[in-house]
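Please read these numbers as outputs of a predicted model, since none were measured by experiment. In listed order, ligands and their atoms are each counted from 1.
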Amino acid sequence: MHATDVIAKKRDGGELSREEVEFFVQGYTQGDIPDYQAAAWLMAVYLQGMTDEETKYLTLAMAHSGDMLDLKDTVPFAVDKHSTGGVGDKVSLVVSPLVAACGMPVAKMTGRGLGFSGGTVDKLESIPGYRTDLSEAEFKAQLRRIGLVLTGQTAEFAPADGKLYALRDVTATVSSLPLIISSVMSKKLAAGADAMVLDVKTGKGAFMKTLEDAETLAEAMVRLGSEAGRRVVALISDMNQPLGWAIGNALEVREAINTLHEGGPADFREHCMVVAAEMLMMGGKASDTNAALTLAMETLSSGAAWRKFRELVEAQGGDVRCIEEPERLPKAQLIEPAPAPRSGYLAAIDAAYIGMAVMELGGGRKKKSDPIDRSVGVIVHYKVGDLVQKDTPLFTIHANDEGRLAEARELVLAAHSFSDTPVQRLPLFYRRVAE
Ligand code: URA
């Protein structure tokens, strides 16, 4: 079999066999197929799509490209969560320790930033020393010891996703249903959790722009997970405006820390409670939504979730002084508030523009090898529906370069639009999808 034949077949709209998909995934993972051929194949998949069968073969081939963790000998039951990618989405940083603090083991393999959307691995690496490359033995030992792991995919776990993810990020092939499904589910299957909550984002700052596409994505992932013997629930949530106030790696870690101390933005806190409640119900820690929400809120207010986060950072080698005193986290040199150009009700804050502004500041990657600046980002000060007064700070930019700051300011300003009449607030969630 030749890589060019597989690329051409997909380019021309053909349906790939299991053998062809496995050949391509294995060849690329092992380095026999170079980046340029993989990039051509990704674009062919992006343009032609894949059938359900091809998507399943791709997911399984990617999951099996490394070790498949079996956690049966480690904990009786483990839960996981994953977001399909958003702007200001730091939910995992709060929800994972919170659920683990309720005695429900959380085993999570997480990703880097992708396009304009941030990634938990990049956020966690804002904490000096924090390791996101745990080995299988370390993963299991830590899960057994503290009931919580938040690590990245490595050469050992779902390496095909690690390589394809980085290539998609820089070849405009991110927002493809089969590529997102296989990327998310390969990591989830390889990480071994028994049950998982998928936070499927929809809207301007999500890869799925319409509710219909988000539903297709959610339903496909729930189906795939169930076929693989896992319990999966998907929550379809809004990503038209950023979640919370902070967008940018270290800024988001700070906001997550505030939230773990019961502060933080109301929308973000509520979002975390709903996701945590779903995980707690799946793990049998609560029998209904009200009981699960009460348990989640109590665990946050008792400080147990914060203490578990601290334990996690310490276990993975992070400098705990940086989370105890978050002013020690990476900090930008230029911090500039931008005044509102007019008074009015905020009609929209286009999350994609905000994500692009953070990339412009150096907080995301344009090429695979780009280093990222973890200190930069944007803080928005209002949410859709809020009444804004002219000249009050509308948002604040954290930058390390005057030119980049000016470009980001234009983008963030363009993301905001106003109305003279009251505007309805956006919902946090649209739908729950389960088998
Ligand atoms: N999260 C992932 O892990 N992969 C994607 O493709 C999108 C979001």
Q: Could you find the nearest protein heavy atom to atom 4 (N) of ligand 1 and give me its residue, atom name and distance?
A: S183 OG, 2.6 Å
Q: Touching ligand 1 at all, S83? Heavy atoms, strictly under 4.0 Å?
A: yes
Q: Do any nitrogen or oxygen atoms of R168 come within less than 3.5 Å of a nitrogen or oxygen of ligand 1?
A: yes
Q: Side chain or backbone, does H82 bring an N or O within less than 3.5 Å of an N or O on ligand 1?
A: yes
Q: At less than 4.0 angstrom from any non-hydrogen atom of V184, what atoms of ligand 1 do you find?
A: 1 (N), 2 (C), 3 (O), 4 (N)
Q: Which heavy atom of I397 sits nearest to which heavy atom of L405, and what is that distance?
A: CG2-CG, 4.0 Å
Q: Any nitrogen or oxygen of T84, main chain or side chain, under 3.5 Å from a nitrogen or oxygen of ligand 1?
A: no
Q: Walk me through whether D122 and R365 qualify under salt bridge (Lys or Arg N to Asp or Glu O under 4.0 Å).
A: CA-CA 11 Å; D122 291 330; R365 296 176 187 82; 3.0 Å; yes
Q: Let me see the working for H416 and Y382 under ring pair (Phe, Tyr, Trp, His ring centres under 6.0 Å), right down to the final yes or no.
A: CA-CA 10 Å; H416 288 77; Y382 292 96; 8.4 Å; no
Q: Which of parallel (below 30°), tilted (30 to 60°) and perpendicular (above 60°) describes W41 and F24?
A: parallel
Q: Kindly give the heavy-atom pair with the smallest separation between D267 and P242, and that separation in Å.
A: OD2-O, 4.1 Å
Q: In the protein, which heavy atom is nearest to atom 3 (O) of ligand 1, and how far is it?
A: K187 NZ, 2.5 Å
Q: Just wondering, do L413 and L394 contact through their side chains at under 4.5 Å, heavy atoms?
A: yes
